[in-house]
Number of protein chains: 2
Amino acid sequence: MDAAQVFSTFPLTGDFLAGRLRDQFAVEELHILEGMMAGPRCLADGERLIARGQTAVQATILIDGFMIDRIIRDGKRFIVGLHVPGDFVDLHGFALKHLDHDIVAAGPVRIAQVGRDRLREVTQARPAMARALWFATLLDAAINRQWIRNLEALDAPQRIAHLYAELHHRLTLIGHNATRTLRTPFTQTDLADMCGVSAIHANRAVARLRELGLGEIRRGDLYIADWAALERYAGFDPAYLYGAAAPSR
Amino acid sequence: MDAAQVFSTFPLTGDFLAGRLRDQFAVEELHILEGMMAGPRCLADGERLIARGQTAVQATILIDGFMIDRIIRDGKRFIVGLHVPGDFVDLHGFALKHLDHDIVAAGPVRIAQVGRDRLREVTQARPAMARALWFATLLDAAINRQWIRNLEALDAPQRIAHLYAELHHRLTLIGHNATRTLRTPFTQTDLADMCGVSAIHANRAVARLRELGLGEIRRGDLYIADWAALERYAGFDPAYLYGAAAPSR
DNA sequence: CGTCACCTTGATCTGCCTCAAAAACCGTGG
DNA sequence: CCACGGTTTTTGAGGCAGATCAAGGTGACG
């Protein structure tokens with residue numbers, strides 16, 4: 001099935017686990033998944049989908065655009081996660097009952113949703129589906145661990161480089177080919193809050209990447225010639241994304 | 001059932017989800033869980049249980065002691081997670097097939113294990129068990145998110161304070177009452193690698209906490225009079241640990 | 001064509017790093 | 001009981017990354 005077919009058959013869930021376990025699903029299960037989702041529905045830039053502490057009554061898949069996991073404390077914002085199309089953005093809340101962070105649209109997005117009870121039925125009737133959803137949340141956790149390592153190991157320009165390298169790989173897994181340009185809606189303040197630096201320093205880090213000839217970031221969009229050079233600079237190793245290709249060791 | 005009874009009846013798994021969902025299990029399921037584990041078995045300080053990339057053939061519960069999730073890169077060590085008794089330390093590997101980090105004993109530990117196939121049988125036969133294990137991995141993820149926030153928000157003394165506050169709460173959930181002393185096997189180098197600072201700076205951060213009268217850390221053991229003061233200093237909010245008590249908002 | 005959000009630049013200050021070395025502690029064996 | 005070697009902790013000095021405060025500049029859009 002080529003990409004166009006995937007999206008006409010599975011307009012809501014066509015990206016779910018694409019490049020990961022998607023190939024291993026029975027076609028029947030892909031249809032069950034698609035059939036249980038209601039939508040699509042749009043959110044505007046900055047619109048909050050889930051508030052911290054709110055009881056989770058549904059699960060949400062991101063179809064188009066980006067969303068962030070956000071913690072606000074003492075008026076300061078910290079971004080602790082980032083979602084691309086095909087991600088279930090609030091699945092952690094399904095088993096935890098509520099979430100410890102907000103989930104917010106970064107730029108305009110399209111989503112689809114399924115109610116908690118329906119989701120529970122499906123997971124109980126189909127262990128394979130439960131395993132897939134579990135897997136999806138563990139992918140989030142693996143990315144979290146990598147973010148921890150990045151914050152512990154990298155300086156500001158490297159963190160930003162790593163972020164874009166990660167996005168590039170995650171988008172490639174779902175068939176978005178960003179060869180020379182990677183478009184995002186992120187402001188430098190967003191990048192700063194993802195990387196744990198001040199907005200001013202994020203600006204200087206972006207300038208550094210430009211000086212080094214590794215890429216040019218303008219209004220969130222990365223213009224780049226040599227992805228391998230960027231990845232080398234950031235110490236990027238895609239193993240933690242659990243793409244379908246073999247693990248790096 | 002009081003604590004002594006729990007440990008004579010469930011010597012291997014008595015701490016699993018204690019203070020969290022444990023109360024909601026059917027007694028029968030607690031026995032199934034206990035019965036499937038083989039052990040206990042000991043590991044010495046620094047001994048590696050799982051290597052990054054290794055295919056996961058079993059799941060391991062920590063009974064006594066501490067273990068860390070470690071990534072080594074270019075000869076430098078980064079600690080991306082921390083486990084206390086009752087944690088399944090390598091459960092992420094069960095659904096992901098392999099892990100992106102090593103799991104290592106910090107100090108001597110006791111563990112018990114179950115084979116992958118047996119675990120799969122149990123989770124498929126008992127959706128409640130599958131949900132519980134899923135929940136346990138999501139708890140890890142919630143802690144990861146908090147670590148990301150800490151690295152983004154706190155300076156070195158606050159990070160160390162937060163780490164001990166977290167440990168105190170996690171140990172309390174499983175019935176370890178550390179009122180005036182919290183004993184750990186961590187060197188200042190370990191603390192440094194968990195907090196993303198150099199060992200020398202970790203030492204100065206420890207000294208800072210002493211100066212401030214918040215607590216004295218000697219060879220990993222924290223001597224403390226006022227936990228509330230430490231938590232205030234660290235900006236600690238236990239909501240992310242999903243203890244049985246109501247969420248903080 | 002003005003306004004608002006975003007990006008850029010400069011200056012100063014602090015936290016943290018690195019290199020270097022000394023002191024305290026711990027287990028071990030004499 | 002003490003001497004010993006290795007590990008861990010402590011201290012000092014110099015330098016860099018990143019925070020903060022304060023202005024400008026630039027671009028998108030009504």
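For clarity, every value in this text was computed on a predicted model and none was experimentally measured. Naming convention: chains lettered A, B, ... in sequence-line order (proteins, then strands); numbering from 1 in each chain.
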Exercise for review: Pick base, sugar-phosphate or nothing for Ser198(B), based on heavy-atom distances below 4.0 Å to the nucleic acid.
Suggested key: base
Exercise for review: Can you check whether any acceptor in the base of dG12(D) is under 3.5 Å from a donor in the side chain of Arg204(B), or vice versa?
Suggested key: yes
Review point. Does the base of dG27(D) carry an N or O that pairs as donor and acceptor with the side chain of Arg218(A) under 3.5 Å?
Key: no
Review point. In terms of side-chain heavy atoms of His201(A), which of dC16(C), dG18(D), dT8(C) is nearest?
Key: dG18(D)
Review point. Regarding Arg180(B) and the six-membered ring of Tyr223(B), is the cationic atom NZ or CZ under 6.0 Å from the ring centre and inside 45° of its axis?
Key: no
**Study point:** OP1 or OP2 of dT8(C) under 4.0 Å from side-chain N/O of Gln188(A)
**Key:** yes
**Study point:** Which nucleotide in dT10(D), dC6(C), dT8(C) has an atom nearest any side-chain atom of Asn203(B)
**Key:** dT10(D)
Practice item. May I ask you to say whether Asp100(A) pairs ionically with Arg145(B), meaning some side-chain N is under 4.0 Å from a carboxylate O? Key: yes
Practice item. Select one nucleotide: of dG18(D), dG12(D), dC16(C), the one nearest the side-chain heavy atoms of Val197(B). Key: dC16(C)
Exercise for review: Using a heavy-atom cut-off of under 4.0 Å over every strand shown, decide if Ala205(A) touches base, sugar-phosphate, or nothing.
Suggested key: nothing
Review point. Can you tell me if the side-chain N/O atoms of Arg210(A) get under 4.0 Å from OP1 or OP2 in dT8(C)?
Key: yes
Exercise for review: Apply salt bridge (Lys or Arg N to Asp or Glu O under 4.0 Å) to the pair Asp87(B) and Arg170(B), showing each step before the final yes or no.
Suggested key: CA-CA 10 Å; Asp87(B) 288 0; Arg170(B) 290 172 74 178; 2.9 Å; yes
**Study point:** Short N-O contact, Asp193(B) and Arg70(B), less than 4.0 angstrom
**Key:** no
Point to revise | Listed nucleotide nearest any side-chain atom of Arg219(A), set dC16(C), dC6(C), dT8(D) | key: dC6(C)
